[in-house]
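The structure appears right after this line, and notes come after that.
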Amino acid sequence: METLKETSKKAKKKTAIKITGAEAIIHCLLAEGVDLIYGYPGGAIMPVYDELYKFQDKLHHVLTRHEQGATHAAQGYARVTGKVGVAVATSGPGATNLVTGLADAQIDSTPIVCITGQVPRHLLGSDAFQETDIIGISTPVTKWNYQITRASEIPEIMAKAFYIAKAGRPGPVLIDVTKNAQFEELEFVYEHCKGVRSYNPRPKPDTEQLERAAALINSAKKPYIIFGQGVILGNAEAQLKELIEKTGIPAAWTILGLSALATDHPLNVGMVGMHGNYGPNVLTNECDLLIAIGMRFDDRVTGNLDTYAKQAKIIHFEIDPAEINKNVKADVPVLGDAKESLELLLPMLKENSHEKWFGEFEAKHKEEYEAVIKNDLHPTKEGLTMGEVIKEINKATNNEAVIVTDVGQHQMVTCRYARFNQSKSNITSGGLGTMGFALPAAIGAKMGVEHREVVAVIGDGGYQMTIQELATIYQNNTAVKIVVLNNEHLGMVRQWQELFFDRRYASTVMTNPDFVKIAEGYHIQAKSVSRREDLAKVVTEMIASDKPYFLEVKVEKEDNVFPMIPSGASVSDIRLK
């Protein structure tokens, strides 16, 4: 009698199709629901591109102008959609150009799969033309990587790649495919990966730890929540909101947590970190209970660890066991998915309010408003400020835009003053701090949510690192709105030089080109603004356009971003000027 295993094998054999490895890669992508990828062709990946040509009605390929741009575009797409972004490149320099994007995705927990071509198996290790050990190079900056040398490996490895990229704490995966494997034929059958041995990406929350956490929350006099991107990645926004409203606990966010809770929510007290808000930083060292949800206690958030929240009990909700006690020791670690953990916790909590404690945040906000915010948003000086530009973008988009930022002063100002009504709206390079991120990431974001307005806010320095992606915008008619805040300096570095290096402005002054002419050279509508009376009108015109639009805003050259925690200082030492 035929066994069940034999019957299953026969069934699989019937559904198997004989195809090349290159075509198998396309079939794997389609099976994973991928309909959009970014990349740049070359010799070692050419068989895959030949198959892409045949499947272009099902799988849209976006030709970026640099492989780094492909990874950042894939990141932008992943961050706004919650799906896995995909980038493709050839071997050698094509593959190495992906590394910055991989590193950025790794530290910011962004699920992307990168596929690279490689020289044929028999040439591996021979220093063949455009051969680079991309597996060795990318190992420190990927969640997982693998080199395929035979076509028969493709279905299983591709399925595993997508599973690992999105399971648990997401991250980047790189799959390197030798050219012979792309040409070889295989019997193709695809099965989605449902698990990997010894990998538990979603640990079940411990009931005892949840009960301990609830007891601390219910008895605390000055409880304080700091939430990060884990809330967004875990789709726990509704649970976070319910937690805050039920307990009356003030809540602040990390840069990557921004937009998980509506900016105008009454208990949203602002941003923590080096250029965060005054109250959320200072009062970290005055709370009696600190509840960290989906954040990793990055050094830009904590400042000097020796003085960080030493008076408080710490509850840490976290999906990655490697983050527990890594920087800050937790009194009650709750390991698990943020949504599941909070759903289990909520019934254990008492209805509460902390009006007196919340009043301390309000008092600190008034201090910050008078010392900083008023001057940023309602300046009396002649030159334009970055803050008032963001204020006009908020107004023109009714707080509904996706805002993508690069890295520098403009990033900090945007995160401080942008207003968001819905999640997955703030896209930025957090942990790696990658200049050049915003322009390609905005392309991916706009392609991911075509119905939403996507505004890229970029400094004049970072903009020029990936400016070639204007061609990608033009070729695809991607209606990204690009705002370059031009202060003719590498502003963040210049600020440090002013404050901590006796104004020795070494290599931070920028001699810039005519940005408007460059944009017009790519057939993108472009304007430049330097007068306050023109700003609102041009921003409104930009947002009203249904095409790509470039706006240069010439802002004050030597404005500084405050508040600021000096490097290595305590959060209590935050400066208002």
Side-chain angles (χ1 to χ4, degrees), residues 71-87 98-114 138-145 161-174 196 199-203 226-237 240 253-260 272-273 292-301 316-324 326-328 333-342 402 404-405 407 411 415 423-434 437 441 444-445 448:
T71 55
H72 294 327
Q75 286 179 273
Y77 175 86
R79 294 270 287 273
V80 297
T81 64
K83 300 176 183 177
V84 177
V86 179
L98 300 177
V99 172
T100 298
L102 289 167
D104 194 284
Q106 173 80 336
I107 201 164
D108 281 357
S109 304
T110 306
I112 62 172
V113 169
C114 292
S138 66
T139 294
V141 293
T142 50
K143 190 175 176 186
W144 183 62
N145 63 14
F162 276 85
Y163 173 79
I164 290 173
K166 62 190 175 186
R169 181 181 181 176
V173 171
L174 181 134
V196 175
Y199 176 45
N200 179 21
R202 190 169 170 166
I226 299 177
F227 61 90
Q229 190 186 204
V231 172
I232 297 170
L233 296 173
N235 299 308
E237 295 92 341
L240 172 69
W253 34 269
T254 68
I255 282 178
L256 292 180
L258 174 56
S259 85
V272 293
I293 307 174
M295 54 87 76
R296 58 189 179 85
F297 291 110
D298 175 76
D299 64 293
R300 286 292 172 102
V301 166
H316 193 180
F317 290 88
E318 174 58 51
I319 198 167
D320 185 354
E323 294 296 344
I324 298 289
K326 186 178 83 173
N327 295 325
V328 173
V334 181
L335 196 59
D337 172 76
K339 183 175 183 176
E340 185 180 1
S341 296
L342 294 183
V402 173
V404 186
T405 47
V407 174
Q411 176 192 33
C415 289
S423 187
K424 296 184 176 72
S425 296
N426 170 58
I427 312 299
T428 195
S429 173
L432 195 65
T434 304
F437 171 87

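Fair warning: this is a prediction, and the values are worked out from it, not measured in the lab.
If you take CG on Asp320 and OG on Ser109, they are separated by 7.5 Å, rounding to the nearest 0.5 Å. In this structure, the separation between CD1 on Ile324 and CD1 on Ile319 is 11.0 Å, given to the nearest 0.5 Å. Rounding to the nearest 0.5 Å places CZ of Arg169 at 7.5 Å from CD of Gln106. For the atom pair CH2 of Trp253 and CD1 of Ile255, the computed distance is 7.5 Å after rounding to the nearest 0.5 Å. Here the CG-OG1 distance, from Leu102 to Thr110, works out to 11.0 Å after rounding to the nearest 0.5 Å. Going from atom OG1 of Thr254 over to atom CZ of Arg300 covers 14.0 Å, rounded to the nearest 0.5 Å.
Summarising the geometry of Gly85 relative to Ala78, their closest heavy-atom pair is N-CB, 3.9 Å, with the distance given to 0.1 Å. Of all heavy-atom pairs between Ala165 and Pro111, the closest is O-CB, 3.3 Å. Between Ala292 and Phe297, the closest heavy-atom pair is CB-CZ, 3.5 Å. Residue Ser341 comes nearest to Val334 through the heavy atom pair OG-CG1, 4.0 Å, listed as atom of the first residue, atom of the second, then distance. Between Leu98 and Cys114, the closest heavy-atom pair is CD1-CB, 4.0 Å. Residues Leu174 and Ser138 approach most closely at CD2-OG, 4.1 Å, considering heavy atoms.
Between the His316 side chain and the Leu335 main chain, no donor and acceptor come within less than 3.5 Å of each other. No donor-acceptor pair under 3.5 Å is formed between the side chain of Arg296 and the backbone N or O of Glu318. No donor-acceptor pair under 3.5 Å is formed between the side chain of Thr142 and the backbone N or O of Pro172. With hydrogens and angles ignored, the 3.5 Å screen pairs a side-chain donor or acceptor of Lys143 with a backbone N or O of Ile164. A donor-acceptor pair is defined here as one N or O able to donate and one able to accept, closer than 3.5 Å; such a pair exists between the side chain of Gln411 and the backbone of Ser429. In terms of modelled atom types and a separation under 3.5 Å, the side chain of Asn327 and the main chain of Asp298 share no donor-acceptor contact. Under a 3.5 Å cut-off, the side chain of Tyr199 and the backbone N or O of Ala167 do form a donor-acceptor pair.
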Stepwise side chain to side chain contact (heavy atoms under 4.5 Å, CB included) test for Ile112 and His72: CA-CA 10 Å; Ile112 62 172; His72 294 327; over 6 Å; no
Give the C-alpha distance, both sets of side-chain angles, the deciding distance and a yes or no for side chain to side chain contact (heavy atoms under 4.5 Å, CB included) between Thr71 and Thr100. CA-CA 8 Å; Thr71 55; Thr100 298; over 6 Å; no
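Annotation: side chain of Phe227 is not in contact with side chain of Ile232 (no heavy-atom distance under 4.5 Å). Between Phe437 and Ile427, some side-chain heavy-atom pair lies under the 4.5 Å cut-off. Counting heavy atoms from C-beta on, the side chains of Val113 and Lys166 never come closer than 4.5 Å. Arg79 is listed as a side-chain neighbour of Asp108, based on a closest heavy-atom distance under 4.5 Å. At a threshold of 4.5 Å between non-hydrogen side-chain atoms, the residues Thr139 and Asn145 count as touching.
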